[in-house]
Amino acid sequence: MNATENYELLISKINTFIRKYYLNNLLRGLIFLGAGLFSAYVVITLSEYFGNFNTAFRTILFYAFILLNLGLIVWLVIPSLFAWLKLSKNLTHDEAAEIIGKHFSSVNDKLLNTLQLKKQAIDDEKHRALIEASIDQKIEQLKPVSFPSAINIRENNRYLKWIITPAAIICVIALAAPSILTESTKRLIRHNEHFAPVSPFQFVVQNQTLSAVQGQDFKLDLKLTGDKFPADVYIETAGNTFKLDKENISNFHYVFSNLQQNQIFRLTANGVTSAPYQIKVNLRPSLLHFDVELNYPAYLHKKNEIIANAGDLTIPAGTTVNWAFHTQNATGLYFSLGDKTQLLSPASTDVFDHHERIIKNTAYKINPLNTLVKNSDSASYRITVIADEPPTINVEEKPDSVSTKAIYFNGKIQDDHGFSSLVFYYKIGTDKNAHVFSKAIKADLNQTQSDFFYYWNLKEIGIKPGEQVTYYFEVADNDAVNGPKKVRSAEHTLNMPDATEINKQLNTGTEAVKQKMQSAIKLAGQVERESQKLNELLLNKNNLSFDEKKQIADLMQKKKDLDDLVKQIQDENHKNEFNRQENLQQDPSITEKQKEMEKLFNNVLDPKTQQLLQNLQQLLQQDQKDATREDLSKMQSDNKSLKKELDRMLELYKKLAFDQKLDQNIKQLNQLAQQQQKLADQTKQSTATPPGGTATTAKIE
């Protein structure tokens, strides 16, 4: 074996020694660790069992035990373990050589000198061969020596007594009184809990959970178990002591009123105190207030508004309601509207938003909640909806004073919010063959009430004699929620007279004028005679007596009645002539005579007649006899002329009426002849047959 191999063998033997050296230290450290652990455990458990320390001291003992053992591990075990595993700095070969040299007298300093010569040979090339020869010689001398045998692991057995003694004590206690170890160990491990001393009775809280809702009462139910029961039980809370209410020998209760925060309490009886209990008070979710924004339908032309601290609402139908609920300690909020319930999430901190479009009367309910409290105080409110009322319409109908084919309408429409349309409808004919027409009526539809006027000229609609016309007005409001509501005025029906009925009406009107003219002539004669009689009576009178004044006043009234009657005759004659021209085609000569008759009627009354009556009234009041006689003479003269004029006009009117009736008869005969000729032609056509065969029926394609 050459010198190099001898030196490597030497180094290998030194490395084996080093590993055995640290293994020996590790085993010794584990023995001392076990001795310290078991000894500390015995001392601490026995002290705690008999000392029954409080929570704070048990906590100190628990962490002191842990720190003691951690210190022993760090000091005795970890350095040797890391060195043995070559994870930390180990002994150098020189240090190991010194230890080996001290143990073996035959080795002494030879091993250390060999290592030093090896280093010298590396540095001194000149004498390297000589030095290596000396090294090889020393190695040969050291070969018989086993370096690891310098470490005797069995020597650690003498330290086992330090671990066996406390371990034996633990075993004896475990066999004789295991509760000493188990109870002490349990109290040390659960060092932050209170353990009451062993007593002849135990406190058993019957409540499943010690939790309550903020502001509510909490009833604590207590039951005692054991051999002997105390007469009374007390509760210590917030620095005060209260006596529990006794139900029977083993059952007690106590009520915590209006809890606002977590409550810690202990139970005491006969010197025995329980562990501390805590009632957890869950914060109550509450509704502080809420605001409402009302967005009204656009057709109402009403400005949106915000109501603070709202509750019950009265709103128009179709209003969109935006709620902003401000809460406290709430993570959610149940919102019920009618039969529908929704769980709202917060829009921001403690604020919940919701909106609904309200159509009908309803109610809503608010119930805030959080993760711990599901049921809290709720609030209920009602929403009253103001429905859009239907519109109303009132129409007054007035026929034209002259024409039978003209009608005037004065109307008034009314609604709570305005209108969308006002239409006049008329229907010509019966229900089966009717034609319906409509015309929009001008009115201020933006107002809540509006007056309107409409002139209806039936001549413009092309209605024929004998036809039926039904007409009415229809108004629609501007309800944009449910759609416009329509209301009709009373439906009227107008039956247009045929030619026969028109002639009959005209003839009746003519006869009425003739009769009134005869009455006027008779009344004019009376006024003339009475005027003459009064004038003669006043001839020899110096003053007017009361009876004479009354006779003159009666005469004046008759004169006024006569003038009014003449005016009526004028109006009715004008109306009759207008209706004739409007409904009938007359002979030009008759038309010319009617115009002349109209002129006579217009000139029959003297415009000074009214002035004469007024003068006469003043004279009577002033008691002027001569002037009164003079005016009576004028009245007599005027009425004489009026009577003559009325007589002449009556004769002319009778002749005109005769000519008109004759013209009507001629036209009726001509019309009857035309109808008979038409019937004859139809009969002749229906009985005619084509040459060479029977009548054929036209084929409709």
Residue pair [X] / [Y], side-chain heavy-atom distance below 4.5 Å:
| X | Y | answer |
| --- | --- | --- |
| F218 | L210 | yes |
| F203 | V233 | yes |
| H354 | L333 | no |
| D388 | D416 | yes |
| D353 | N322 | no |
| Y381 | L313 | no |
| I235 | L220 | yes |
| R357 | I359 | yes |

(message) Under 4.0 Å between a side-chain nitrogen and a carboxylate oxygen: does that hold for R382 and D312?
(response)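 Salt bridge absent between R382 and D312.
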More than 12 heavy atoms from other groups under 6.0 Å of [atom1] on [X]:
| X | atom1 | value |
| --- | --- | --- |
| I249 | CD1 | no |
| E305 | CD | yes |
| H355 | NE2 | no |
| K485 | NZ | yes |
| F65 | CZ | yes |

When rounded to the nearest 0.5 angstrom, what is the spacing between [atom1] in [X] and [atom2] in [Y]?
| X | Y | atom1 | atom2 | answer |
| --- | --- | --- | --- | --- |
| D350 | S348 | CG | OG | 8.0 Å |
| K223 | Q206 | NZ | CD | 6.0 Å |
| F229 | N251 | CZ | CG | 9.0 Å |

Please report the shortest heavy-atom distance between [X] and [Y], naming the atom on each side.
| X | Y | result |
| --- | --- | --- |
| I413 | F452 | CG2-CE2, 3.9 Å |
| V42 | P166 | CG2-O, 3.7 Å |
| K246 | A231 | NZ-O, 3.2 Å |
| G318 | V481 | CA-CG2, 3.7 Å |
| D232 | K243 | OD1-CE, 3.1 Å |
| H289 | N309 | CB-OD1, 3.3 Å |

(message) Please tell me whether N258 and Q260 have a donor and an acceptor in their side chains that are separated by less than 3.5 angstrom.
(response)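 A pair is found: one side chain offers a donor N or O, the other an acceptor, under 3.5 Å apart.
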(message) Under a 3.5 Å threshold, yes or no: a donor from one side chain and an acceptor from the other, between T237 and Q263?
(response)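 Short answer, yes.
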(request) Take I169 and F38 through the test side chain to side chain contact (heavy atoms under 4.5 Å, CB included) and record every step on the way to the result. (result) CA-CA 9 Å; I169 294 173; F38 290 147; over 6 Å; no
(message) Run the side chain to side chain contact (heavy atoms under 4.5 Å, CB included) test on Y472 and V395 for me, step by step, so that the C-alpha distance in whole Å, both residues' side-chain angles and the decisive distance to 0.1 Å come before the verdict.
(response) CA-CA 9 Å; Y472 58 88; V395 181; over 6 Å; no
(message) Could you go through F424 and F409, starting from their C-alpha distance and side-chain angles, then the distance that decides it, and tell me whether this counts as ring-ring contact (aromatic ring centres under 6.0 Å, His included)?
(response) CA-CA 11 Å; F424 176 70; F409 298 96; 5.7 Å; yes
Okay, side chain of [X], backbone of [Y]: is any donor-acceptor separation there less than 3.5 Å?
| X | Y | result |
| --- | --- | --- |
| N207 | D221 | yes |
| S489 | F473 | yes |
| N478 | H417 | yes |
| D444 | S450 | no |
| R284 | V213 | no |
| K280 | T209 | no |
| D477 | D415 | no |

(request) Kindly indicate, with the supporting measurements, whether the criterion side chain to side chain contact (heavy atoms under 4.5 Å, CB included) is fulfilled by I44 and F62. (result) CA-CA 9 Å; I44 291 175; F62 175 78; over 6 Å; no
(request) Starting from the C-alpha separation in whole Å, work towards a yes-or-no answer on side chain to side chain contact (heavy atoms under 4.5 Å, CB included) for W323 and F335. (result) CA-CA 10 Å; W323 285 276; F335 179 85; 3.6 Å; yes
(message) Angle between ring planes, F290 versus Y364, binned at 30° and 60°: parallel, tilted or perpendicular?
(response)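 Perpendicular, since the angle between the ring planes exceeds 60°.
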(request) Determine whether the aromatic ring centres of F265 and F256 lie less than 6.0 Å apart. (result)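 Yes.
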